[in-house]
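Accompanying notes for the structure given below.
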Amino acid sequence: MCQDCGCGLPGEKPVGISTHPHTHDHDHPHHDPHDHGHSHGESGDPHEHAEDHEHRRTLEVRRSILDKNDRLAERNRGFFRARGLLVLNVLSSPGSGKTTLLRETIRRLGSRLKTGVIVGDLATDNDARRLGEAGATAVQITTGTVCHLEAEMVARALKQLDLTGVGLLVIENVGNLVCPASYDLGEDLRVVLLSVTEGEDKPLKYPPIFQSAGVAVVTKMDLAQACDYDRDTAIANLRRVAANAPVFEISAKTGQGMDAWCDFLVRQHQALKTRDPLGL
């Protein structure tokens, strides 16, 4: 269950995982099957108001959900580092151009940095198929009613992903600028997208997810003039909430900024291999 909005309640459609184009079994991080993330509160004062008791239990459950996720994220992170993987968690609102950006990134990186992808969507495996056709090994997580990916979902998907020769693992999160901000997946870099069609004030409206960004990418730059995009205001707003995140301005359609973006990823992978800090 999401600790922000309550999605994915018990009894609703379970998470499903499908592979594109191949399915393989590999070593993967394990989680404790007996750790269900439940929290059991102590008995309260029998004269305590029901409303106060319910509020206290809600806080306990939320803390338990995130504690469990953080433990599993650390296991994922150890697995990724052991395999020399640079891992991106890519987040944005729906329609910001995540899949198109990733498709062109995969194509341009080619043999320089082989890419694997885990895709999260509420329904369909369309994005995983598109990225598989671009040359990546791709696994789709169909979340059903859950509005974000969690570390346990990623760990399960890794069982189905062929990581032979892969240096870059991209996790394309569910399109949502609220709930995914709370969930560490074990990534090295959190990449948050802002398209020119969304408005320059989007970072100010959704500060938590932009504050957590390791990298910010402005997409659909080819539409900037048509959308009357105010670049100075948008960059200033990004700097206000994500002061230390490098910003890439990209059009996956025309290729603007793609070379700089791909070169950045190659450098980060090289830094990871030499165990140097990821200098941003």
Side-chain angles (χ1 to χ4, degrees), residues 26-29 70-92 97-99 101-119 131 134-139 149 151 154-155 157-158 161-173 180-181 183-194 209-219 235 238-239 241-250 252 255-280:
H26 295 278
D27 293 335
H28 53 83
D70 289 345
R71 291 196 302 271
L72 293 175
E74 283 304 312
R75 294 184 186 183
N76 287 349
R77 187 170 287 111
F79 173 77
F80 298 146
R81 288 301 173 100
R83 297 196 65 106
L85 292 170
L86 174 66
V87 182
L88 310 182
N89 181 7
V90 182
L91 306 114
S92 77
K98 285 195 304 295
T99 305
L101 171 65
L102 296 180
R103 182 189 66 199
E104 293 307 309
T105 299
I106 292 163
R107 288 176 174 172
R108 286 173 177 266
L109 286 174
S111 60
R112 283 203 297 166
L113 189 56
K114 185 177 178 180
T115 306
V117 183
I118 296 174
V119 181
L131 297 177
T137 301
V139 171
L149 293 181
V154 172
L158 287 168
L161 191 63
D162 182 4
L163 293 174
T164 305
V166 170
L168 173 66
L169 176 63
V170 179
I171 303 169
E172 182 182 352
N173 218 309
Y183 291 86
D184 180 10
L185 304 180
E187 70 270 15
D188 294 299
L189 288 174
R190 181 170 289 192
V191 181
V192 182
L193 274 56
L194 167 68
I209 203 158
F210 284 95
Q211 287 168 347
S212 71
V215 179
V217 178
V218 181
T219 60
I235 298 299
L238 281 171
R239 294 298 185 203
V241 296
N244 297 320
V247 177
F248 292 86
E249 298 172 279
I250 290 175
Q256 175 185 344
M258 288 298 300
D259 287 343
W261 166 243
C262 291
D263 289 344
F264 169 80
L265 295 178
V266 171
R267 290 197 305 273
Q268 299 313 300
H269 182 250
Q270 291 172 343
L272 186 68
K273 287 199 305 181
T274 57
R275 298 187 180 277
D276 289 334
L278 292 177
L280 299 181

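What you see is a predicted model; the values in this text were computed from it and never measured.
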Checklist entry - If you look at every heavy atom in A151 and N76, which pair is closest and at what distance? => result O-ND2, 3.1 Å
Checklist entry - Taking C-beta and beyond as the side chain, do D184 and R77 meet within less than 4.5 Å on heavy atoms? => result yes
Item to check | Over all atoms of both residues, closest heavy-atom pair of G214 and P246 | outcome: O-CD, 3.2 Å
Checklist entry - Any side-chain heavy atom of L163 sitting closer than 4.5 Å to one from F79? => result yes
Next on the checklist: To the closest 0.5 Å, what do you measure between CG (L88) and CG (L185)?
Outcome noted: 11.5 Å
Item to check | R239 side chain to A245 backbone, donor-acceptor under 3.5 Å | outcome: yes
Next on the checklist: Among residues at least two apart in sequence or on other chains, which ones pass side-chain contact (heavy atoms from CB on, under 4.5 Å) with A134?
Outcome noted: R103, I106, R107
Checklist outcome for this item: Between the NZ atom in K98 and the CG atom in L131, the distance rounded to the nearest 0.5 Å is 11.0 Å
Checklist entry - Any idea how W261 and F248 line up, ring-wise: parallel (<30°), tilted (30 to 60°), or perpendicular (>60°)? => result perpendicular
Checklist outcome for this item: Heavy-atom closest pair (L85 atom, V166 atom, distance to 0.1 Å) is CD2-O, 3.1 Å
Checklist entry - Taking NZ, NE, NH1 and NH2 as the nitrogens, is one of them in E74 or R71 under 4.0 Å from a carboxylate oxygen of the other? => result no
Next on the checklist: Given 3.5 Å as the limit, does a donor-acceptor pair link the side chain of D188 with the main chain of V87, or not?
Outcome noted: yes
Checklist outcome for this item: Nearest heavy-atom contact between V266 and L109 is CG2-CD2, 3.8 Å
Next on the checklist: Restricting to ring-ring contact (aromatic ring centres under 6.0 Å, His included), what partner residues turn up for F80, sequence neighbours left out?
Outcome noted: none
Next on the checklist: How long is the straight-line distance from CD1 of I118 back to CG of L169, given to the nearest 0.5 Å?
Outcome noted: 5.0 Å
Checklist entry - Roughly how far, to the nearest 0.5 Å, is CG of L113 from CZ of R267? => result 12.5 Å
Item to check | Derivation of the side-chain contact (heavy atoms from CB on, under 4.5 Å) call for L91 and I209 | outcome: CA-CA 8 Å; L91 306 114; I209 203 158; 4.0 Å; yes
Checklist entry - So do L101 and M258 actually touch side chain to side chain, heavy atoms under 4.5 Å? => result yes
Next on the checklist: Between D263 and R108, does any NZ, NE, NH1 or NH2 come within less than 4.0 Å of an OD or OE carboxylate oxygen?
Outcome noted: no
Checklist entry - Side chains of L168 and H269: closer than 4.5 Å at any heavy-atom pair? => result no
Item to check | Main-chain N/O of A181 paired with R190 side-chain donor or acceptor, under 3.5 Å | outcome: yes
Checklist entry - Would a 4.5 Å heavy-atom cut-off, applied to side chains only, mark V119 and L102 as touching? => result no
Checklist entry - Is the closest side-chain heavy-atom distance between N173 and Y183 below 4.5 Å? => result no
Next on the checklist: So, taking the atom named CG in L193 and the one named CZ in F210, what distance separates them when rounded to the nearest 0.5 Å?
Outcome noted: 8.5 Å
Checklist outcome for this item: On a heavy-atom basis, the closest approach of A157 and V139 is CB-CG1, 3.9 Å
Checklist entry - Under 4.5 Å between any side-chain heavy atoms of R81 and L272, yes or no? => result yes
